[in-house]
Amino acid sequence: MTTPVSNAAAKSSNKRLMIILLITVALTIWTALQEEDDIDDLHVARPLSTPRVTPMEINATSQLNDQALNEVRPHAGDDFLIPWQKLKREPLSGKTHDLFKLHSWIVIPPIKKVKLPPPPPPTAPPAPFQYVGKLENSPKGTQVFLMLNGKLYTVVKGEK
């Protein structure tokens with residue numbers, strides 16, 4: 001629960017705010033009525049590292065070549081001077097660069113050398129005959145029945 005603020009406390013805070021407001025308005029009016037001559041007395045100072053060059057020195061150095069320019073330039077030992085001779089651009093080569101080249105984030109894995117399995121062991125070629133059956137205990141011995149192109153052959157062990 002909140003307690004109500006008393007009337008006396010509210011009036012005292014209002015008085016403080018009114019006094020602060022009147023002081024602020026008075027200071028604003030006073031600064032507006034002041035003369036602006038005080039600003040003219042200010043001097044803008046140059047940085048200490050800036051070389052002071054007269055217009056005559058500029059004309060004289062503009063007519064000299066690069067080697068003489070280094071000798072005539074004031075404060076030539078300072079580190080902040082730019083070596084203008086090194087800033088000359090090289091002519092563009094005939095090679096052009098593709099600014100809108102397609103880029104892909106896919107990483108292609110390296111190709112692994114696969115070892116081939118050893119060749120299978122050699123096998124006999126398929127027989128030209130088809131096995132039909134055999135007859136055991138015949139007078140010639142065990143006979144084998146083979147078929148080739150619709151002809152039936154009977155074979156006994158040792159025959160060609």
Side-chain angles (χ1 to χ4, degrees), residues 1-5 9-10 13-14 16-17 20-21 24 27-28 31-32 36 39-40 42-160:
M1 275 184 114
T2 59
T3 58
V5 178
S13 68
N14 283 343
R16 268 193 226 136
L17 287 175
I20 293 172
L21 178 64
T24 306
L27 286 175
T28 305
T31 55
E36 296 180 8
I39 297 173
D40 294 338
L42 297 175
H43 296 288
V44 177
R46 284 186 179 180
L48 296 177
S49 63
T50 306
R52 300 180 191 276
V53 181
T54 63
M56 291 179 63
E57 288 176 341
I58 293 172
N59 286 337
T61 56
S62 65
Q63 297 172 357
L64 297 174
N65 64 12
D66 293 339
Q67 183 181 10
L69 181 62
N70 288 333
E71 297 171 5
V72 175
R73 183 182 291 149
H75 306 287
D78 293 344
D79 292 335
F80 67 90
L81 295 177
I82 299 172
W84 294 104
Q85 299 83 8
K86 294 180 180 177
L87 294 178
K88 290 181 182 176
R89 270 188 87 166
E90 296 295 324
L92 293 175
S93 64
K95 187 167 56 168
T96 59
H97 299 285
D98 187 9
L99 297 177
F100 302 103
K101 181 180 173 184
L102 292 177
H103 297 282
S104 175
W105 293 101
I106 297 174
V107 177
I108 299 173
I111 299 173
K112 296 180 181 177
K113 292 184 179 178
V114 180
K115 291 184 178 179
L116 297 176
T123 58
F129 297 99
Q130 185 177 10
Y131 175 77
V132 178
K134 68 178 179 179
L135 177 63
E136 293 184 356
N137 298 327
S138 70
K140 293 183 180 178
T142 304
Q143 290 184 339
V144 178
F145 299 99
L146 303 174
M147 183 170 286
L148 175 66
N149 295 330
K151 285 187 170 183
L152 184 63
Y153 297 95
T154 58
V155 181
V156 181
K157 185 178 177 182
E159 284 186 348
K160 290 187 181 181

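Throughout, residue positions are numbered sequentially from 1 according to the sequence presented. We use all heavy atoms of the structure for the numbers below, so side chains are in, but hydrogens, waters and symmetry mates are not.
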Tell me the closest heavy-atom pair linking Tyr131 and Val144, and the distance in Å. CE1-CG1, 3.8 Å
Only one of Ile106, Val107, Ile108 forms a side-chain contact (heavy atoms from CB on, under 4.5 Å) with Ser104, so which one is it? Ile106
Working to the nearest 0.5 angstrom, can you tell me the gap between Lys140 NZ and Thr142 OG1? 13.0 Å
When rounded to the nearest 0.5 Å, the distance separating CZ of Phe145 from NZ of Lys134 is 11.5 Å
CG/Asn14: more than 12 non-hydrogen atoms of other groups inside 6.0 Å: yes
For Gln130, does the CD atom sit with more than 12 other heavy atoms under 6.0 Å from it, leaving out its own atoms? no
Exercise: identify the closest heavy-atom pair between Leu146 and Val132: C-CG2, 4.2 Å
